[in-house]
Protein chains: 2
Amino acid sequence: MPRVSRAQAAQNRERTVEAAAELFRERGVDHVSVQDIMAAVGLTHGGFYRQFESKEALLPEAARHAYDRMAARLSNLDAQAVDHTAAQRQYIQRYLSAAHRDHPGQGCPIAGLIQDITRTDSTETRDLLTERVSDLGKWLNQDGRDGLVTACTLIGALLVARAAGSPLSDQVLERVTAALTAAE
Amino acid sequence: MPRVSRAQAAQNRERTVEAAAELFRERGVDHVSVQDIMAAVGLTHGGFYRQFESKEALLPEAARHAYDRMAARLSNLDAQAVDHTAAQRQYIQRYLSAAHRDHPGQGCPIAGLIQDITRTDSTETRDLLTERVSDLGKWLNQDGRDGLVTACTLIGALLVARAAGSPLSDQVLERVTAALTAAE
DNA sequence: CAGTTTAGATGATGTAACTCATCTATAAAT
DNA sequence: ATTTATAGATGAGTTACATCATCTAAACTG
């Protein structure tokens with residue numbers, strides 16, 4: 001079976017990055033094996049090292065992939081909402097939804113990858129996160145509120161909601177949403 | 001050499017929990033081996049399983065140990081400060097200091113263990129975190145501000161500051177401190 | 001003080017997973 | 001059409017670690 005077309009190989013590579021981005025956010029880099037990733041794409045572990053230097057080298061690629069999707073979502077919100085303030089409000093509400101809490105694999109990559117990025121040696125990966133946090137902070141800026149602070153609150157609340165049991169987990173989502181969407 | 005006194009053995013056990021609490025916060029449970037923990041206490045890996053069921057069983061004990069120190073520190077602040085508001089302000093400033101960011105091993109166990117607790121199966125460990133987050137939220141309550149929200153902001157900011165590179169990391173500490181200590 | 005118990009040391013075992021060597025069948029190149 | 005290059009499969013090799021078996025010497029017990 002081996003030897004697929006160039007186009008097919010490129011698509012497989014892309015799907016590998018995508019699968020890694022999802023699995024890394026879901027379980028953390030350490031709890032995902034190369035086999036897990038390749039199996040998610042429907043391949044075996046063998047082809048991995050022809051496409052990637054190592055498992056670690058996959059982290060910045062996976063992160064970038066997920067960040068780009070996130071950026072696209074922000075643009076989308078701006079395009080659909082009546083104004084930027086409405087888009088911000090929408091974002092906050094979705095960010096602190098039970099759905100987002102319960103599906104980290106599809107969720108915010110900053111929150112999902114933050115622990116692994118804290119411990120990585122790759123400055124590329126760290127710089128990438130730094131830039132995206134900064135971007136998010138700017139996007140969340142409001143008149144009386146520092147967007148960077150809002151970003152930290154969102155990330156903290158999501159992580160706490162994911163770790164805590166009921167009923168606190170739900171309360172965190174509710175109360176932080178209330179605080180961030182209140183008029184000042 | 002083996003067979004030490006009962007008192008010595010108990011103290012060794014205690015020191016093992018303490019070492020684990022520090023190492024787990026510093027590197028995460030997965031990046032700490034049983035050997036690492038025992039070596040930190042000056043022992044070999046052999047005696048571990050006489051004291052603990054497994055490495056996993058150490059997590060709730062280590063967490064409780066660290067939480068108790070944290071609670072003691074809060075009491076201390078209340079005792080030393082002129083009033084509760086001043087104690088809160090002190091806590092926020094220390095929480096968002098560069099020293100706290102750079103020494104997770106001695107720092108907030110909620111922030112330090114949150115990722116490992118998110119993935120644990122132990123409801124005991126999860127319930128413990130839930131309770132302590134709730135406690136911290138209550139302690140941080142202020143007139144115009146929900147303390148649970150403040151707690152999430154603190155935790156999020158600390159985690160972001162630990163993951164991000166300069167200069168954003170410092171900016172996060174500064175700007176979140178400013179926001180949380182501003183009069184409303 | 002003799003006998004028993006046990007904290008901890010040493011060494012073995014088993015497993016998981018990263019990485020690499022080799023193979024094969026097909027896509028690209030000539 | 002023939003040759004060559006390579007995506008991916010298969011199957012180790014290696015390392016790291018959790019856990020367990022056994023040993024020993026000193027602390028407890030009576």
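In what follows, every chain begins at residue 1, and chains take the letters A, B, ... in the order their sequences are listed.
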Between [X] ([atom1]) and [N] ([atom2]), how many Å, whole number?
X: B:L58; N: D:dA18; atom1: CG; atom2: P; answer: 11 Å
X: A:Q11; N: D:dA7; atom1: CD; atom2: C1'; answer: 14 Å
X: B:Q51; N: D:dT19; atom1: CD; atom2: C1'; answer: 16 Å
X: A:E14; N: D:dA7; atom1: CD; atom2: P; answer: 16 Å
X: B:R3; N: C:dT6; atom1: CZ; atom2: C1'; answer: 4 Å

Among D:dA7, D:dA9, D:dA26, which nucleotide sits nearest the side chain of A:N12? D:dA7
Side chain of A:R6 - closest among C:dA7, C:dA28, D:dG8: C:dA28
Take A:R64 and A:V17, measure what side chain to side chain contact (heavy atoms under 4.5 Å, CB included) needs, and give me the verdict at the end. CA-CA 10 Å; A:R64 192 188 301 272; A:V17 171; over 6 Å; no
Which distance, rounded to the nearest 0.5 Å, do you find between the CG of B:D36 and the NE2 of B:H45? 12.5 Å
Nucleotides 17-23 of chain C: protein proximity per nucleotide (B base, S sugar-phosphate only, - neither; heavy atom, under 4.0 Å): SSBB---
Identify the two heavy atoms, one from B:A151 and one from B:L136, that lie closest to each other, and give their separation to 0.1 Å. CB-CD2, 4.1 Å
Within the structure shown, what part of the strands sits under 4.0 Å from A:S5 by heavy-atom distance: base, sugar-phosphate, or nothing? sugar-phosphate
Just jot down the ring pair (Phe, Tyr, Trp, His ring centres under 6.0 Å) partners of B:H100, sequence neighbours excluded, or say none. B:Y95
With B:A57, which residues qualify under side-chain contact (heavy atoms from CB on, under 4.5 Å), at least two apart? B:E53, B:S54
Any ion pair linking A:D170 and A:R101 (charged N to carboxylate O, less than 4.0 Å)? yes
